[in-house]
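Below: the structure, in structure tokens.
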Amino acid sequence: MMKFYFSTATCSTACHIAIEELGLDYTPIEVSWKRNLNVAELNKLNPLGSVPVLVTDQGKTLTQNTAILEYLADQKPSAQLLEKQGTFERNETMSWVAFVASDLQKAFTPFFHAKNITASETNQKEIIDFYTKKLHDLLSYIEDKLTNKEYIMGKNFTIADAYLFTILGWTKWVKINTKDHKNITNYMKRVYDRPAVQKVLNKEGLIDYLQ
Ligand SMILES: N[C@@H](CCC(=O)N[C@@H](CS)C(=O)NCC(=O)O)C(=O)O
């Protein structure tokens, strides 16, 4: 059975949601740095020491949200979390996955690490102000792209939504209000209400994920 290494309230929630949406058999392995839970095991599999990590049924190790999400969706094409190889819709979905990984998620990093970057409170504030503006621009872009859509690709929930929902949820922790963005607010509620998402949020203790 495949093994899934995750840590609660991190980007690995995206893959956790995809696994539950697909109804795949898996062994969840929680990692906690604070409690030193399964950290050594994780580090052996991923020298970068980060989650998510997936060990496939064949015993192969896969890292990176983008790759794991795609791999998971391909285990059960009938669930249509990702379109077939060779379709342009698949490329569009992967474009959203890439956007979340390399634009959206990365824009949150300075909020969590400003104090490690500089001891100067003035400089910390400048960094946070810059990335607050950046995040507001990204939120406006997402808001526009969600116009008249249930999910980011349209009618169907895809792996891009598992990831987008997970990272948009972080706005609450960095105190960036999204409530003025009606499309985002409705979208977050729609994804939140999905049974598989509820299951994951309960397991990860994130039932108050929404703003
Ligand atoms: N590019 C990686 C990012 C992984 C990542 O940054 N994971 C974070 C949680 S969101 C983590 O494990 N941080 C702990 C650490 O790196 O020590 C991916 O998409 O999988």
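For ligands, and for the atoms within them, numbers begin at 1 and follow the listed sequence. The basis for the numbers below is simple: all heavy atoms, side chains too, and nothing from hydrogens, waters or symmetry mates.
Considering only non-hydrogen protein atoms, atom 16 (O) of ligand 1 sits nearest to Ser50 CB, 3.7 Å. Looking at atom 3 (C) of ligand 1, its nearest protein heavy atom turns out to be Gln105 NE2, 4.1 Å. For atom 17 (O) of ligand 1, the nearest non-hydrogen atom of the protein is Gly49 O, 3.7 Å.
Against a heavy-atom cut-off of under 4.0 Å, Pro52 is close to the following atoms of ligand 1: 20 (O). Proximity to Trp33 (heavy-atom distance under 4.0 Å) selects the following atoms of ligand 1: 12 (O), 14 (C). For ligand 1, the atoms lying closer than 4.0 Å to a non-hydrogen atom of Thr10 are 9 (C), 10 (S). Ligand-side atoms of ligand 1 in range of Gln64: 1 (N), 2 (C), 18 (C), 19 (O), 20 (O), range being under 4.0 angstrom from any heavy atom.
The shortest N or O to N or O distance between Asn65 and ligand 1 is below 3.5 Å. For ligand 1, the polar-atom distance check finds no N/O of Cys11 at less than 3.5 Å from any of the ligand's N/O atoms.
Aromatic ring pairs are classed by plane angle as parallel below 30°, tilted from 30° to 60° and perpendicular above 60°; the pair Tyr141 and Phe99 is tilted. In this pair, His16 and Phe4 present their aromatic rings tilted. The plane angle is within the 30 to 60° band. Ring orientation note: the planes of Tyr187 and Tyr151 are nearly perpendicular, at an angle over 60° on the 30°/60° scale.
One side chain, Glu41 or Tyr5, offers a donor N or O that lies under 3.5 Å from an acceptor on the other.
More than 12 heavy atoms of other residues, nucleotides or ligands lie within 6.0 Å of CZ in Phe108, so this atom counts as buried by the packing criterion.
Salt bridge annotation for Arg90-Glu70: present, with a cationic side-chain nitrogen under 4.0 angstrom from a carboxylate oxygen. Ion pairing of Asp193 with Lys189 is present here, as a side-chain N (NZ or NE/NH1/NH2) and a carboxylate O approach within less than 4.0 Å.
Ligand 1 lies nowhere less than 4.0 angstrom from a heavy atom belonging to Ala101.
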Discussion item. Apply side-chain contact (heavy atoms from CB on, under 4.5 Å) to residues Leu24 and Gln75 and explain how you reach the verdict.
Written reply: CA-CA 8 Å; Leu24 299 174; Gln75 299 313 297; 4.2 Å; yes

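Nearest to atom 12 (O) of ligand 1 by heavy atom, out of Ile68, Thr66, Val51, is Val51.
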